[in-house]
Amino acid sequence: MVAFLFPGQGSQYTGMAADLAERFPEAREVVDRADAALGFSLSEIMFSDGDEAAERLRQTENTQPALYVHSLAAHAVLAARGLSCDVAAGHSLGEWSALAAMGAVSLEDGLLAVRRRGELMAQAGDVRPGTMAAVLGLDAADLERVCQQASDAGDGVVVPANYNDPGQIVISGDRPAVGRASEAASGAGARRVVPLPVSGAFHSPLMAFAREGLAATLETLEISKPRVPVVLNVTAGPTTDPEAIREKLLEQLTAPVRWAQSLEAMSGMGVERFVEVGAGKVLSGLAKRTLGRRTETATAGTASDIEALAA
C-alpha cells in the first residue's frame with residue numbers, strides 16, 4: 001500500500017512550485033485556477049526569490065494557500081501519470097491539501113477556505129499572542145504532565161500541539177506558560193528545547209478566535225466522500241465520512257496534530273511506502289524517525305522528483 005503525505009506550515013520556500021508550473025501543463029493549470037479564484041497572483045508570491053518575497057511568503061495568510069497550491073499542482077502531475085495512493089494524510093494545513101487531492105473538496109473551495117483559515121489564524125495571534133517550542137527527547141506522557149503543571153501554575157496555558165515523531169513534540173500556548181514548560185521539560189530530561197519563530201500559538205486553546213471564524217466557512221463548504229480514506233490529525237484514524245471531516249477540520253485548530261500516531265496507524269493498515277506530495281522533505285524525515293530508517297519514502301515536490309517517480 002502507498003500513502004500520500006501532504007506537508008504543512010514550515011515547508012514553504014521562495015520559488016516553490018515554479019519548476020512544476022514551467023515543466024508540466026497540469027501544474028500550470030492548478031496555479032492559474034488558484035490565481036483566478038483568489039483574485040490576485042499567489043503564484044507571483046510563490047515563484048519570486050529574495051528577502052521581500054520570503055517575507056510575503058512567511059505571512060500565514062499567504063503561506064497556507066501557497067503550500068496547498070504547491071501540493072495540488074504536484075498531485076495533478078502525479079495523477080496525470082497514473083500515480084495514486086491507497087490512503088492519504090496531511091500535517092495541519094496539509095490535511096486540507098490531502099482532502100482536496102482526494103476529491104473531498106474542490107480546488108477552488110478548498111483554496112478559499114484555506115486562505116480564510118490563514119487570515120483567521122494570523123488574527124488569532126494578534127487577539128491572544130502566544131508562542132511555540134519544539135521539545136526534543138522527552139517522552140510524551142512526561143511532557144503532557146509538564147504542560148499540565150505549567151498551566152496549573154497560573155498566568156496562561158500550554159499544551160502539546162504537534163506529536164511529530166517519538167522524539168519531537170511541539171508545545172504551544174501563552175508565552176509565560178510555554179517558558180515555564182520549556183524550563184521544566186529541560187529539567188525533566190529533554191535533550192533540547194527550541195523556541196519556534198511563529199506568529200501564534202497554533203493547535204492550542206489560543207486559536208479559539210480562529211475556530212469561531214472558520215465555523216461559518218465550514219458550515220457552507222461542500223464536502224464529498226474522498227476517493228480513499230484520509231487519516232485525520234485529531235483522531236489519527238482514517239475516515240471517508242464528510243461530516244466527520246467537517247467536524248474535525250474545525251476541531252483541528254485547537255487540538256493537537258497526532259502525526260506520529262497517524263503514521264503508526266497507516267503502517268498498521270499495511271502502508272509500505274510514503275510519498276510526500278508538495279514542498280520540502282519534512283514529512284519523509286518524520287516517517288523514518290517514527291517507523292524506522294528502513295521505511296520507504298519518496299518526495300514529489302519538484303519536477304525532478306516527479307520525473308524520477310514516474311520513471
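Values below: every heavy atom of this structure, side chains too, minus hydrogens, waters and symmetry copies. Keep in mind that this is a model prediction, so the values were computed, not measured.
Heavy atoms only, all atoms of each residue included: S172 and A161 are closest at CB-CB, 3.5 Å. Here the closest heavy-atom approach between residue A76 and residue V30 is recorded as CB-CG2, 3.9 Å. Here the closest heavy-atom approach between residue S84 and residue V2 is recorded as O-CG1, 4.1 Å. Residues D35 and L42 come closest through the heavy atom pair OD1-N, 2.9 Å. For the pair A287 and T297, the tightest heavy-atom approach, listed with the atom from each and the gap, is CB-CG2, 4.1 Å. Contact record, A27 with V77: CB-CG2, 3.9 Å, taken as the closest heavy-atom pair.
By the criterion of side-chain heavy atoms lying less than 4.5 angstrom apart, applied directly or through intervening Ile, Leu, Val, Met, Phe, Trp or Tyr residues, M102 is grouped together with L72 in one hydrophobic cluster. Put simply, L99 and V87 are part of two different groups of oily side chains (I, L, V, M, F, W, Y) that touch within less than 4.5 Å, one to the next. Follow the hydrophobic side-chain contacts under 4.5 Å out from L143 and you never reach V159; the two are in separate clusters. Hydrophobic clustering (side-chain heavy atoms under 4.5 Å, transitive across Ile, Leu, Val, Met, Phe, Trp, Tyr) groups Y68 together with I245. Hydrophobic clustering, with ILVMFWY side chains joined whenever heavy atoms are under 4.5 angstrom apart, keeps V146 apart from L136.
At least one side-chain heavy atom of F40 sits under 4.5 Å from a side-chain heavy atom of I45. Looking only at side-chain heavy atoms (C-beta outward), V114 and L93 come within less than 4.5 Å of each other. Two residues are said to be in side-chain contact when any heavy atoms from C-beta on lie closer than 4.5 Å; S106 and R33 fail this criterion. The shortest side-chain heavy-atom distance between H70 and Y13 falls under the 4.5 Å cut-off. Between L120 and L253, the closest side-chain pair of non-hydrogen atoms is not below 4.5 Å.
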Problem - Derivation of the side chain to side chain contact (heavy atoms under 4.5 Å, CB included) call for E247 and E243 - result: CA-CA 6 Å; E247 177 186 328; E243 290 314 307; over 6 Å; no
Exercise for the section: Start with the C-alpha distance between T290 and W259, add both sets of side-chain angles, then the distance that settles side chain to side chain contact (heavy atoms under 4.5 Å, CB included), and finish with yes or no. Expected result: CA-CA 9 Å; T290 300; W259 189 250; 5.8 Å; no
Problem - Derivation and outcome, salt bridge (Lys or Arg N to Asp or Glu O under 4.0 Å), residues K248 and E95 - result: CA-CA 10 Å; K248 298 309 176 186; E95 188 159 279; over 6 Å; no
Handout entry: Residue pair F4, L78: steps toward the side chain to side chain contact (heavy atoms under 4.5 Å, CB included) verdict
Key = CA-CA 11 Å; F4 281 177; L78 293 175; 4.0 Å; yes
Exercise for the section: Kindly determine whether M16 and L67 satisfy side chain to side chain contact (heavy atoms under 4.5 Å, CB included), including the steps that lead there. Expected result: CA-CA 9 Å; M16 59 191 293; L67 287 163; 4.0 Å; yes
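Using modelled atom types, no side-chain atom of R128 and backbone atom of A124 make a donor-acceptor pair closer than 3.5 Å. When atom types are taken as modelled, the side chain of Q252 and the backbone of V257 share no donor-acceptor pair closer than 3.5 angstrom. Of the possible polar contacts, none joining the T299 side chain to the G301 backbone as a donor-acceptor pair under 3.5 Å is found. The backbone N or O of A260 lies less than 3.5 Å from no partner atom in the side chain of D165, so there is not a single donor-acceptor pair. The main-chain N or O of G292 is found under 3.5 Å from a side-chain atom of T295 such that the two form a donor-acceptor pair. Checking side-chain atoms of R115 against main-chain N and O of E61 turns up a donor-acceptor pair under 3.5 Å. Within the 3.5 Å criterion, the main-chain N or O of V157 finds a donor-acceptor partner in the side chain of D174.
The structure places CZ of F47 at 8.0 Å from OG of S41, a figure rounded to the nearest 0.5 Å. Atoms CG and CD, from N233 and E251 in turn, are 11.0 Å apart once rounded to the nearest 0.5 Å. With values rounded to the nearest 0.5 angstrom, R28 atom CZ is found 11.0 Å from L20 atom CG. Note that OG of S92 and CE of M121 are 5.5 Å apart. Values are rounded to the nearest 0.5 Å. Remark: Q12 CD to Q64 CD distance equals 9.5 Å, nearest 0.5 Å. Interatomic distance, CG of L38 versus CG of L111, reported as 4.0 Å (0.5 Å rounding).
Side chain to side chain, H91 and N164 meet the donor-acceptor criterion of an N or O pair below 3.5 Å. For the residue pair N162 and R258, no side-chain donor N or O sits within less than 3.5 Å of a side-chain acceptor on the partner.
Using the six-membered ring where Trp is involved, H75 and F6 have ring planes that are tilted, between 30° and 60° apart.
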Please list, one pair per line, the donor and acceptor atoms closer than 3.5 Å that link side chains of residues 204-219 to other protein atoms, with sequence neighbours excluded.
unit_1 : atom_1 : unit_2 : atom_2 : d
S204   : OG     : A201   : O      : 2.8
S204   : OG     : L206   : N      : 3.1
R211   : NH1    : T254   : OG1    : 3.1

Sequence neighbours excluded and cut-off under 3.5 Å, please list the side-chain donor-acceptor pairs for residues 268-282, or say none.
unit_1 : atom_1 : unit_2 : atom_2 : d
R273   : NE     : E296   : OE2    : 3.0
E276   : OE1    : L283   : N      : 3.3
E276   : OE1    : S284   : N      : 2.8
E276   : OE1    : S284   : OG     : 2.7
E276   : OE2    : V282   : N      : 3.3
E276   : OE2    : L283   : N      : 3.0

Do any side-chain atoms of residues 179-200 form donor-acceptor pairs under 3.5 angstrom with protein atoms, and if so which ones, sequence neighbours left out?
unit_1 : atom_1 : unit_2 : atom_2 : d
R180   : NE     : A150   : O      : 3.1
R180   : NH1    : G154   : O      : 3.3
R180   : NH2    : A150   : O      : 2.8
R180   : NH2    : G154   : O      : 2.3
S182   : OG     : V178   : O      : 2.7
S186   : OG     : S182   : O      : 3.2
S199   : OG     : T60    : OG1    : 3.2

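Crowding of E22 atom CD: a count of heavy atoms from other residues, nucleotides or ligands under 6.0 Å not exceeding 12.
Not counting sequence neighbours, H203 has no partner by the ring pair (Phe, Tyr, Trp, His ring centres under 6.0 Å) test. Every residue two or more places apart in sequence or in another chain that forms a side-chain contact (heavy atoms from CB on, under 4.5 Å) with D19 is listed here: T302, A303.
Here side chain to side chain donor-acceptor pair (under 3.5 Å) pairs that include residues 143-158, with residues two or more places apart or in two chains, are D142-R145, E144-Y163, Q148-D152.
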